[in-house]
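To start, the structure itself, in structure tokens.
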Amino acid sequence: MPELPEVETVRRMLEPHVREQTITAVTLREFAGVLETTLPGEPRSWLRGRTITAAQRRGKYLLFPLDDGHTMVVHLRMTGRLLVVAQDAAPVRFEHLRLHLGSHEELRFADQRKFGRVSIFNAEEIARLDARLGPEPLDPATSATMMHARLARHTASIKAMLLDQTVIAGLGNIYVDEVLWATCIHPLTPANTLSVSLIDGLLDAARKILASALANQGTTFSSFENPYGETGNNAAFLKVYGRTKSGGMCERCGTPLVRTVVAGRGTTFCPQCQVMPASGHPT
DNA sequence: ACACTGCCCTGCGAGC
DNA sequence: TGCTCGCAGGGCAGTG
């Protein structure tokens with residue numbers, strides 16, 4: 001499941017291959033519906049002949065601004081992959097889209113589960129997306145005070161709120177569980193009962209966990225691959241996610257980890273050290 | 001406005 | 001051994 005560290009890993013590796021490259025041809029393969037736009041006409045026509053000017057990231061979205069003011073937006077969802085390969089390399093499995101570049105390399109989008117999308121947005125749609133998404137956890141301007149204010153009107157669980165991309169952008173199921181374990185916060189804690197200092201600790205833990213995962217080039221749990229088809233190295237460092245199957249124990253207290261469902265997602269936590277804050281009242 | 005559920009999709013592992 | 005079934009989850013539509 002590509003989350004912020006995985007998407008940023010893809011962006012960094014892709015950037016030197018796509019920046020200032022002209023898309024000379026566009027080929028749709030297994031699932032043509034992968035490429036979509038609200039712009040009129042054939043979606044491919046908005047890419048053909050355009051030059052990619054940069055590779056950016058916002059939350060879990062990859063943004064490739066084009067020289068005509070539009071932006072190619074890629075979301076990998078669960079199993080999407082963006083690959084850089086030599087021209088005319090053998091097709092990869094579940095390959096849906098090929099962009100032929102002036103460099104004679106190809107940018108390919110593959111996705112086993114067809115959840116991922118490649119969209120062409122105009123400037124207004126990009127502005128709307130940016131406005132809808134919450135702040136970036138790694139942006140120094142994102143503060144505990146700001147997050148406290150955002151969470152103040154939400155009675156839903158802190159886990160649901162951290163997964164909500166309009167609250168904070170870039171966290172997914174793996175890193176939310178890791179952050180909550182690191183800060184000893186129970187995933188079902190109502191978001192509006194967390195004090196500023198607890199949220200400060202939460203933000204701090206999120207930054208450390210995301211930065212460390214990024215240094216390890218992301219977590220490969222099932223299918224994540226970088227643009228060169230390599231897996232990430234961060235899975236070995238996870239403290240809770242995916243660790244119940246092997247009878248995982250909490251590294252802090254030795255208690256067996258518990259698996260439940262919170263916010264409709266598989267959730268792993270330590271029942272001993274992840275507790276609701278004692279204060280228990282909205283602040 | 002907010003909270004919550006179900007849907008999309010398919011490889012894989014559990015269970016019989 | 002071979003089959004079926006249910007799980008995995010990001011984002012969004014629909015409901016209350």
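What you are looking at is a predicted structure, and each value in this text was computed from that prediction instead of being measured. Chain letters run A, B, ... following the sequence lines, proteins first, then strands; residues in each count from 1.
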Inset, instruction - Sort out for me which residue in E8(A), H75(A), R11(A) forms a side-chain contact (heavy atoms from CB on, under 4.5 Å) with L62(A). - result: R11(A)
Inset, instruction - Compute whether any side-chain donor of one residue and acceptor of the other, for N234(A) and N216(A), lie under 3.5 angstrom apart. - result: yes
Legend entry - Of residues 54-62 of chain A, the positions that come close to DNA chain C - non-hydrogen atoms, cut-off under 4.0 Å: K60(A), Y61(A)
Inset, instruction - Report the residue (L129(A) or F115(A)) whose heavy-atom-nearest nucleotide on DNA chain C is the more 5′ of the two. - result: F115(A)
Legend entry - Pair E95(A) + R98(A), salt bridge at N-O below 4.0 Å: yes
Could you check how far [atom1] of [X] sits from [atom2] of [N], rounded to whole Å?
| X | N | atom1 | atom2 | answer |
| --- | --- | --- | --- | --- |
| D164(A) | dG10(C) | CG | P | 12 Å |
| D177(A) | dG10(C) | CG | P | 10 Å |
| L76(A) | dG11(C) | CG | C1' | 14 Å |
| D111(A) | dG11(C) | CG | C1' | 14 Å |
| F224(A) | dG10(C) | CZ | C1' | 16 Å |
| L4(A) | dG10(C) | CG | P | 13 Å |
| R113(A) | dG9(C) | CZ | C1' | 7 Å |
| E125(A) | dC12(C) | CD | P | 13 Å |

Legend entry - side-chain hydrogen bond (donor to acceptor under 3.5 Å, both in side chains) pairs, two or more places apart, involving residues 181-190 of chain A: none
Inset, instruction - Check every atom of dA3(B), dG10(C), dT10(B) against the side chain of K114(A) and return the nucleotide holding the closest atom. - result: dT10(B)
Legend entry - Nucleotide of dC9(B), dG10(C), dA3(B) approaching E3(A) most closely (side-chain heavy atoms): dG10(C)
Inset, instruction - For R132(A), report the nucleic acid contact type (base, sugar-phosphate, nothing); a contact means any heavy atom under 4.0 Å. - result: sugar-phosphate
Inset, instruction - Pick base, sugar-phosphate or nothing for M78(A), based on heavy-atom distances below 4.0 Å to the nucleic acid. - result: base
What's in the same ILVMFWY side-chain cluster as [X], cut-off under 4.5 Å, chained through other members?
| X | value |
| --- | --- |
| L133(A) | Y61(A), L63(A), V73(A), F121(A), I126(A), L129(A) |
| F237(A) | none |
| M13(A) | Y228(A) |

Does a side-chain N or O of [X] approach OP1 or OP2 of [N] to a distance below 4.0 Å, or not?
| X | N | value |
| --- | --- | --- |
| H75(A) | dG11(C) | yes |
| T79(A) | dT10(B) | no |
| Y241(A) | dG9(C) | yes |
| Q165(A) | dG10(C) | no |

Legend entry - Of A160(A) and R265(A), the one whose closest DNA chain B nucleotide lies more 5': A160(A)
Legend entry - N/O donor-acceptor pair, side chain R77(A) with base dG9(C), under 3.5 angstrom: no
List in chain and number order the residues that pass salt bridge (Lys or Arg N to Asp or Glu O under 4.0 Å) with [X], two or more places apart in sequence or in another chain; answer none if no residue qualifies.
| X | result |
| --- | --- |
| E230(A) | none |
| E30(A) | none |
| R77(A) | none |

Nucleotides 11-13 of chain B: which of its N/O atoms have a protein N/O under 3.5 Å away?
from	atom 1	to	atom 2	distance (Å)
dG11(B)	O4'	Q112(A)	OE1	3.1

